Amino acid sequence: MVDERETGPDSSALAEKPSNFIEEIINEHLKTGRFGQNVHTRFPPEPNGYLHIGHAKSIALNFGLAKKYGGLCNLRFDDTNPNKEELEYVQSIEEDIKWLGYDWEDREYFASDYFEQLYDWALKLINDGLAYVCDLSSEEGREHRGALTEPGKHSPYRDRSIEENLDLFKRMRDGEFPDGSRTLKAKIDMAHPNFIMRDPVIYRILHAHHHRTGNAWCIYPMYDFTHGQSDSIENITQSICTLEFENHRPLYDWFCDKLGIHHPQQIEFARLNLTYTVMSKRKFLTMVNENYVNGWDDPRMPTISGLRRGGYTPESIRKFCEYIGVSKNNSIVDVTILENQVREHLNAVAPRVLAVLNPLKIVIENYPEGQVEELSAINNPEDESAGSRILPFSRELYLDRNDFMEVPVKKYFRLAPGKEVRLRYAYIIKCESMLKNESGEIVELRCTYDPDTLGKQPTDRRVRGVIHWVSVDTAVDAEVRLYDRLFTTEHPDKVEEGEDFRSNINPDSLEIIEHAKVEPSLKSVKMGERFQFERLGYFNVDLDSRAEKPVFNRIVSLRDTWANIVRRS
RNA sequence: UCCGGGAUCGUUCAAUGGUAGGACCUCGGCCUUUGGUGCCGAUUAUAGGGGUUCGAAUCCUCUUCCCGGAACCA
């Protein structure tokens, strides 16, 4: 038997294989027509801090779902606590979402815009005998709530008349009572096994200035009395939040039901955790205030602004969010997954340049003094359209100290006394001698070059090593900031008794190189530009950069199999 | 202790009663004027016990472990 109605739902999105449990739920909604054929999500930040990579997961999820199903995603600020929220955060959140590449179009909302409606709904609850004004203090309220295995006690104010409740609630709004003296509570069940359902507070008195409503209100609705209703007002279909709100779902449902309003489906997923990272506003604040980092946008911070300043691309963050998937498993994602995403993206798009971090001067004794050759270098082997550029070559060059070893270990392909190495895009050179200062440090290398090795391999021998270099005359002086992970352990919160995450902070997470030498094409770089310093890593131009002295941040190093070999032996 | 979740390679996500698969990591190899990129190959997993079934990661049951919850925070 074929049910003809099966042709009903437009199942183009449905037909696609769901990629996570949320899409399965949406497919089911589409099939049953619970919300017609609409998919309307929202990203609901509280404007009380900066967004981090965990928020990016939620943003990508909500906006991504809307896009996949041809629906919409709103931006809504959950601004019901005037004591914590600020306009500054609203602006930074907007900027971060835009930078990540998502667009809420004209659908930017604020829960505070719904205060009047919420107030009316509170009146309805009172009129229906489902809410009451309670004079218990916050401590008394807690005592009445009971314990894990014991039911709570009824508030002595639970059975006030509707008229009295109406009168008191109006007077709460009119500012007749001081902060904390009264609350409006939902009348549910003080014996409910879920604490959330034991007559939860839905309005509290707060004589505080709100970043949008100013002093219009001195009572503010609680999250539980705001979030679901805001979803409802905006015709949200799937209200996606993190696992810790699972306990709140019965209350979310209760309000929608008792108010008789559009009832979205709350769905919870596991928040993102990353190795070598902490992910809470409180800890971020500690790191900023105690100067472990230089502000919220320090490249070591997992904030969106930190990732942005540190050179991460929005594409790589989006790919990362897609890659890690969505589930209810409490998981800790390996931070190398994130690093690999940015490597993958930048490998495809970042122009290659030569930069010497720890300069060691060499003189090529058999190269004519004063001669300069203009050698051609490929800008990006992954992208032919990126073209090529000129690299000036001369008698005196800088090499990286890492690329020379006085006593080479086995399998070391780079420069050593009497050994040969290829200079990238140039000649093969041989180290003839070293000059040392009185304390025995090598200050200069004397080399010779083989003029017959430009653009070709010698036939009589194999030279495996290739190293980068910069010509002394034309080198540009630059500052380079080498960022490393902020923590030394995978799980920074795992600490001995009496310690906290601060004991796992990596003391060497930032190394500043004041005088790196970079090739002349980097003379006039613009803030935000990204490059691959060949053999070293990906770097971007920091906002501290100035014309006379560019400043580069290391976004992420290149994969370094040699370093792995050294580490193992 | 009560309520709500969760448990699959080292990590993460799949497999929705029918061959446990991908990616990252790791380890080999090929290629390479980046010890980069790319390519090929390999190792490794269903928390435990019982049950249903021709057949169970999947359904039932008991156990263990982990996470969240008793803010007038969100």
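Quantities reported herein were computed from a predicted structural model and do not represent experimental measurements. First the proteins, then the strands, lettered A, B, ... as listed; each starts at 1.
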*Asks:* Answer yes or no for A:R485 and A:Y276: cation-pi contact, defined as NZ/CZ to six-membered ring centre under 6.0 Å and angle to ring axis within 45°.
*Replies:* yes
*Asks:* How many whole angstroms separate atom CG of A:L375 from atom P of B:rU34?
*Replies:* 16 Å
*Asks:* Would a line drawn from the ring center of A:F552 to the ring center of A:F533 be shorter than 6.0 Å?
*Replies:*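 Yes, they do, as the ring centres are separated by less than 6.0 Å.
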*Asks:* Just to verify, what does A:S112 make a side-chain hydrogen bond (donor to acceptor under 3.5 Å, both in side chains) with, not counting sequence neighbours?
*Replies:* A:D79
*Asks:* What's the CD1-P distance between A:I429 and B:rU33, to the nearest Å?
*Replies:*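 Atom-to-atom, A:I429 to B:rU33, this comes out as 18 Å.
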*Asks:* In whole angstrom, give the distance that lies between atom CG of A:L274 and atom P of B:rC24.
*Replies:*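 After rounding, the reported distance stands at 18 Å.
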*Asks:* B:rU8 P sits how many Å from A:N329 CG, rounded?
*Replies:*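 Between P of B:rU8 and CG of A:N329: 7 Å.
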*Asks:* Given the rule that a pair is Watson-Crick or G-U wobble with both distances under 3.5 Å, how would you write RNA chain B in dot-bracket, using | for pairs to a different strand?
*Replies:* .((((((..((((....[..)))).(((((.......)))))....(((((..]....))))))))))).....
*Asks:* Ring centres under 6.0 Å, that's the criterion: do A:F77 and A:Y109 meet it?
*Replies:*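 Ring centroids of A:F77 and A:Y109 are no less than 6.0 Å from each other.
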*Asks:* So, under a plain 3.5 Å distance rule, would you say the side chain of A:H248 forms a donor-acceptor pair with the base of B:rA74?
*Replies:* yes
*Asks:* Determine the sole option in A:R158, A:K185, A:R145 for which the salt bridge (Lys or Arg N to Asp or Glu O under 4.0 Å) test with A:D199 is passed.
*Replies:* A:R158
*Asks:* Which of residues 452-466 of chain A have a heavy atom under 4.0 Å from RNA chain B?
*Replies:* A:T453, A:L454, A:G455, A:K456, A:Q457, A:R464, A:V466
*Asks:* When all nucleic acid strands are considered with a 4.0 Å heavy-atom cut-off, which category describes A:R422: base, sugar-phosphate, or nothing?
*Replies:*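 Base: the residue A:R422, judged by heavy atoms under 4.0 Å, touches a nucleobase.
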*Asks:* Grab the N/O contacts between the protein and nucleotides 38-40 of chain B below 3.5 Å, and write none if there aren't any.
*Replies:*
none

*Asks:* Would you call the rings of A:Y119 and A:Y203 parallel, tilted or perpendicular, where under 30° means parallel and over 60° means perpendicular?
*Replies:* perpendicular
*Asks:* Which is true for A:N564 with a 4.0 Å heavy-atom rule: it touches a base, it touches only sugar-phosphate, or it touches nothing?
*Replies:*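 Result for A:N564 = sugar-phosphate.
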*Asks:* With a 4.0 Å limit, can you tell me whether A:S327 has a side-chain N or O closer than that to the phosphate oxygens OP1/OP2 of B:rC13?
*Replies:*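 For B:rC13, OP1 or OP2 has a side-chain N or O of A:S327 closer than 4.0 Å.
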*Asks:* For A:N247, report the nucleic acid contact type (base, sugar-phosphate, nothing); a contact means any heavy atom under 4.0 Å.
*Replies:*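 Result for A:N247 = base.
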*Asks:* Mind listing the N/O atom pairs, protein and nucleotides 65-67 of chain B, below 3.5 Å?
*Replies:*
unit_1, atom_1, unit_2, atom_2, d
B:rC67, O2', A:N330, ND2, 3.1

*Asks:* Without decimals, in angstroms, what is the distance between A:F225 CZ and B:rA71 C1'?
*Replies:* 19 Å
*Asks:* Within the structure provided, determine whether A:N340 and A:R559 are in side-chain contact (heavy-atom separation under 4.5 Å).
*Replies:*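 They are in side-chain contact.
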*Asks:* Tabulate protein N/O versus nucleotide N/O from nucleotides 9-11 of chain B, keeping only pairs under 3.5 Å, one per line.
*Replies:*
none

